[in-house]
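Chain letters run A, B, ... following the sequence lines, proteins first and then strands; every chain starts at 1.
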Amino acid sequence: MNAAASSAASEKPRTNRCLNIYGVVDRFFALPGRTPSSDPIELELGTGGPVAAVYSWVDPAEFDDLEADVSEDGRLAKLARRHDAVVRALASRGAVLPVRLGTLCSDATSLMELLEETADDLVGELDRVRGCHEWDFRIQAVLQSATGPASAPRDESGTAYLMRRRDQRQRAAAAQAEVSMAMCAADETLTALAESVTELAVDASAMAMSHGYLVRTQLAAEFELVAAELANELERHGCNVRLSGPLPPYSFVKIRLERLSR
Amino acid sequence: MTEARGGAVVRPALGGLVETLDRVISTGAVVSGDLLITVADIEMIRVDLRLLVMGVQGERQGGGS
């Protein structure tokens, strides 16, 4: 990106246009030349103190009535994928604090003032995720039924039936305990390789574990290898496992930016 | 990006829509206050999108995909 574009404060707001913010980065961040998207956009850097925000100019109407089309190729999907693609591209070039989809700012001056007012917090957050990526490890147990087959042998006595049911329940409980221990062991192993861990949203009705791990780039290969081995082990316990990464540190940026004055 | 499903490692370019939405809407830094324009009220958009994600997710699970 050229020098003129990096001076956001000098930009004049365009009619019916606003800034769509993707992420916060260091002041002298080198923007990618092209956005890795089927819908290329021109990224600009708006600086404020020691930090900067990456944005593009958009028509706010792009964000209206997104519910009208939630298909895989709808406007919402395109906006989400474009946002994700930009954040990923930024994360591949340096520390980035992802900003939520749909964060619009009326003008570059307001953005610059926001960055200046919250610079201390932003620098701290950037330092916390610097040199790291997020890896998500999701486990969902597929447990065997505690009741087993409904049909019983025709000549089964009442006592035999009760004993069979008790054995089934005990086997199911033992299997559940085994899976639970395997999940905890996997989490402990992965946590040892991570700078930080956070719980991701899971289906509360299921026996599942879903954690995000903030992992240093130097340990990424080891983390991936260990996670793949754990995934195989958990699969033998009847679990479905999914490892995703490396990702921008989406789940580790919980900062809320608010202007103190105007 | 790497994704391992049941131990089998595959490398898709990008995740599915629901997973992508979950990341770009539910996580990351939030800007609040009078900085936001009102034409597309962000807080409202975010709330709507959360509901939307749940709807999409439910629809997919119901459809067995």
Side-chain angles (χ1 to χ4, degrees), chain A residues 18 21 23-24 60-64 66-67 70 72 76-77 80-81 83-85 87-88 97-106 110-111 113-114 122 125 135 201 224 227-229 231-235 239-248 250-259 262, chain B:
Chain A
C18 65
I21 306 170
V24 175
E62 277 188 45
F63 291 83
D64 288 344
L66 292 174
E67 305 89 340
V70 296
E72 289 280 339
L76 173 62
R81 291 202 173 98
H83 189 94
D84 187 47
V87 173
R88 283 171 190 255
L97 305 179
V99 172
R100 286 190 187 177
L101 174 69
T103 301
L104 308 181
C105 181
S106 57
S110 297
L111 175 61
E113 289 171 359
L114 172 76
L122 292 171
E125 288 287 291
W135 291 77
E224 186 178 355
E229 288 171 356
N232 282 326
E233 176 66 22
L234 286 160
E235 191 182 35
C239 297
N240 291 324
V241 183
R242 193 150 54 89
L243 171 68
S244 304
L247 301 164
Y250 278 115
S251 306
F252 292 90
V253 176
K254 303 181 192 298
I255 192 169
R256 190 173 188 95
L257 307 176
E258 196 157 3
R259 288 189 63 189
R262 53 174 300 164
Chain B
M1 184 178 76
T2 293
E3 292 207 0
R5 295 172 188 272
V9 178
V10 293
R11 293 176 181 272
L14 290 172
L17 175 59
V18 170
E19 194 172 314
T20 302
L21 281 173
D22 193 38
R23 286 198 188 100
V24 300
I25 293 168
S26 303
T27 63
V30 178
V31 181
S32 64
D34 60 348
L35 178 72
L36 304 176
I37 62 171
T38 56
V39 177
D41 187 289
I42 303 307
E43 295 294 332
M44 288 305 295
I45 279 183
R46 207 172 70 233
V47 170
D48 288 345
L49 287 179
R50 276 181 193 280
L51 295 174
L52 203 56
V53 172
M54 291 169 65
V56 171
Q57 206 155 20
E59 191 178 315
R60 292 182 137 217
Q61 285 166 353
S65 57

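Here the closest non-hydrogen pair linking A:R100 and B:G28 is NE-O, 3.5 Å. The heavy-atom pair separating A:V253 from B:A29 by the smallest distance is CG1-N, 3.6 Å.
In this structure, chain B has heavy atoms under 4.5 Å from both the backbone and the side chain of A:I255.
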Using the side-chain contact (heavy atoms from CB on, under 4.5 Å) rule, take B:R23 and A:S251 through it: C-alpha gap first, then chi angles, then the decisive distance, then the call. CA-CA 8 Å; B:R23 286 198 188 100; A:S251 306; over 6 Å; no

Test side-chain contact (heavy atoms from CB on, under 4.5 Å) on B:T27 and A:F252 and set out the steps. CA-CA 8 Å; B:T27 63; A:F252 292 90; over 6 Å; no

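Separating the CG atom in A:L247 from the CD atom in B:E19 is a distance of 8.0 Å, to the nearest 0.5 Å. Between the CG atom in B:L21 and the CG atom in A:L76 there is a gap of 5.0 Å [rounded to 0.5 Å].
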